[in-house]
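All remarks here apply to the structure that follows.
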Amino acid sequence: MAAARIAVLCNHTDGDGGAFAARQLVNQAYLDCREAAGATPLPVLDMADERIVEVLGLCAGLLVTGGADLDPRAYGQQPRPKLGSINPRRDHLDRVAIAHALAAEMPVLGICRGIQALNVVAGGTLHQDVGSEVAGALKHSQGAPGWYATHDIDLADGGLLRDILGCARVGVNSFHHQAVDDPAPGFRAVAHTADGVIEAIEREAGGFCLGLQCHPELMAGRDERIARIFARFVGACGR
């Protein structure tokens with residue numbers, strides 16, 4: 001049986017307009033995790049809407065990768081002082097790909113920016129900056145290697161993530177300053193940090209559709225439990 005093809009969304013960098021031209025790329029860790037779990041990753045570029053949908057039609061699932069901040073106007077807000085850089089081309093790619101995947105009920109895994117984009121496209125909102133908007137916020141941008149867990153998350157009973165990991169609490173890494181605020185209609189929060197920040201969401205109906213605020217692709221090679229996330233995702237795509 002052929003390995004399931006997983007669409008992996010590329011990041012876009014604008015470059016300087018000269019020798020350092022704009023680029024679209026995917027961090028190697030996202031590709032390695034797909035292959036280790038038995039899937040074939042297929043990077044997806046930002047291009048015309050119909051071309052994005054055409055490529056997704058060749059795939060059995062969608063991985064929404066990390067990246068820059070989302071334009072807050074996409075969820076009805078104006079930019080606040082702590083908003084970081086945004087990239088309209090990446091926002092476009094996420095919007096088209098996620099909307100298609102949700103409508104087609106493709107398995108979806110969103111990581112870091114990916115959980116945020118998944119929530120926004122589905123109709124939810126974000127904290128533009130956790131440190132200035134969440135009282136008593138923990139440190140969510142760690143000064144430690146990517147594979148190292150620096151804070152714990154509590155997993156909701158009955159949630160997909162708790163079922164995958166088989167525990168009520170797990171340590172994760174943290175490289176973000178935005179986070180889900182109001183979950184989108186049809187989604188629910190299934191993991192939180194001690195400060196109340198949402199660390200995972202899942203779609204309440206349908207198949208595998210999970211967003212994670214941490215970066216499990218950086219931990220999976222050292223943590224068998226975290227690696228189960230990718231195995232379950234690829235398994236859902238295989239079905």
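Only heavy atoms go into these numbers, but all of them, side chains included; no hydrogens, no water, no symmetry mates.
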**Prompt:** Could you give the distance from NE2 (H215) to OG1 (T65), rounded to the nearest 0.5 Å?
**Reply:** 9.0 Å

**Prompt:** What distance separates L70 CG from T125 OG1, expressed to the nearest 0.5 Å?
**Reply:** 12.0 Å

**Prompt:** Would you find a donor on one side and an acceptor on the other, under 3.5 Å apart, between the side chain of D94 and the backbone of A117?
**Reply:** no

**Prompt:** How long is the span from the NE2 atom in H177 to the NZ atom in K82, to the nearest 0.5 Å?
**Reply:** 10.0 Å

**Item:** Exam field: side chain R228 to backbone L165, donor-acceptor pair closer than 3.5 Å
**Value:** yes

**Asked** Okay, side chain of E217, backbone of I111: is any donor-acceptor separation there less than 3.5 Å?
**Response** no

**Item:** Side chains of P216 and F230 in contact at under 4.5 Å (non-hydrogen atoms)
**Value:** yes

**Message:** Rounded to the nearest 0.5 Å, what separates atom CD in Q213 from atom CD in Q116?
**Reply:** 4.5 Å

**Message:** Restricting to non-hydrogen atoms, name the atom on M219 and the atom on G171 that form the minimum distance, rounded to 0.1 Å.
**Reply:** CE-O, 3.7 Å

**Item:** side-chain contact (heavy atoms from CB on, under 4.5 Å) between L45 and R51, intermediate numbers included
**Value:** CA-CA 9 Å; L45 306 173; R51 297 288 178 257; over 6 Å; no

**Message:** Could you see if V53 belongs to whatever hydrophobic cluster contains I6? Use Ile, Leu, Val, Met, Phe, Trp, Tyr and a side-chain cutoff under 4.5 Å.
**Reply:** no

**Request:** Check the hydrophobic clustering (I, L, V, M, F, W, Y; side-chain heavy atoms under 4.5 Å; chains of links allowed) and say if V64 and V26 are grouped together.
**Result:** no

**Derivation and outcome, side-chain contact (heavy atoms from CB on, under 4.5 Å), residues R80 and D129** = CA-CA 8 Å; R80 296 174 183 164; D129 178 66; over 6 Å; no

**Request:** Keeping the roles fixed (side chain from R188, backbone from E204), state whether a donor-acceptor pair exists under 3.5 Å.
**Result:** no

**Prompt:** Given I115, which of L212, V120, I201, L210 fulfils the side chain to side chain contact (heavy atoms under 4.5 Å, CB included) condition?
**Reply:** I201

**Request:** Specify the closest pair of heavy atoms between D154 and R169, including all atoms of both residues, with the distance to one decimal.
**Result:** OD1-NE, 2.6 Å

**Same apolar cluster (I L V M F W Y, side chains within < 4.5 Å links), V180/L138** = no

**Prompt:** Ignoring hydrogens and geometry, is there a side-chain-to-backbone donor-acceptor pair from R232 to L160 under 3.5 Å?
**Reply:** no

**Request:** Would you check if H100 and I52 make a side-chain contact, meaning some heavy-atom pair closer than 4.5 Å?
**Result:** no

**Fill in**
Rounded to the nearest 0.5 Å, the CG atom of L9 sits from the CD1 atom of I98 at a distance of 7.0 Å

**Request:** Quick one: sort the H176 and H140 rings into parallel, tilted or perpendicular, breaks at 30° and 60°.
**Result:** perpendicular

**Request:** Decide yes or no for M47 and V55: does some side-chain heavy atom of the first lie under 4.5 Å from some side-chain heavy atom of the second?
**Result:** yes

**Asked** Any chain of hydrophobic side-chain contacts (each under 4.5 Å) joining L126 to V190?
**Response** no

**Complete:** Rounded to the nearest 0.5 Å, the CD1 atom of I226 sits from the CD1 atom of I164 at a distance of 10.0 Å

**Message:** Is there a path of hydrophobic side-chain contacts, each under 4.5 Å between heavy atoms of I/L/V/M/F/W/Y residues, joining F233 to L56?
**Reply:** no

**Complete:** For Q128 and Q78, the nearest pair of non-hydrogen atoms, with its separation, is NE2-O, 2.9 Å

**Shortest non-hydrogen contact between Y30 and V8, atoms and distance** = CB-CG1, 4.3 Å

**Prompt:** What pair of heavy atoms forms the shortest contact from I86 to L83, and how long is it?
**Reply:** CG2-CD2, 4.3 Å

**Prompt:** Does the D91 side chain pair with the main chain of D71, one donor and one acceptor, at a distance under 3.5 Å?
**Reply:** yes

**Request:** Evaluate the side chain to side chain donor-acceptor pair (under 3.5 Å) criterion for residues H151 and D195: first the C-alpha distance (whole Å), next the side-chain angles of each, then the deciding distance (0.1 Å), finally the verdict.
**Result:** CA-CA 11 Å; H151 67 58; D195 56 9; over 6 Å; no

**Message:** For F208 versus I229, what's the shortest heavy-atom pair and its separation?
**Reply:** CZ-O, 4.4 Å

**Message:** Whether the side chain of N11 engages the backbone of G66 through a donor-acceptor N/O pair (distance < 3.5 Å, no angle test) should be reported.
**Reply:** yes

**Asked** Ignoring hydrogens and geometry, is there a side-chain-to-backbone donor-acceptor pair from N119 to A184 under 3.5 Å?
**Response** yes

**Prompt:** Does P145 offer a backbone N or O that forms a donor-acceptor pair with the side chain of Q142 under 3.5 Å?
**Reply:** yes

**Request:** Start with the C-alpha distance between R225 and V170, add both sets of side-chain angles, then the distance that settles side-chain contact (heavy atoms from CB on, under 4.5 Å), and finish with yes or no.
**Result:** CA-CA 9 Å; R225 187 165 51 185; V170 67; 3.7 Å; yes

**Prompt:** Do the charged groups of R95 and D46 touch, with an N to O distance under 4.0 Å?
**Reply:** no

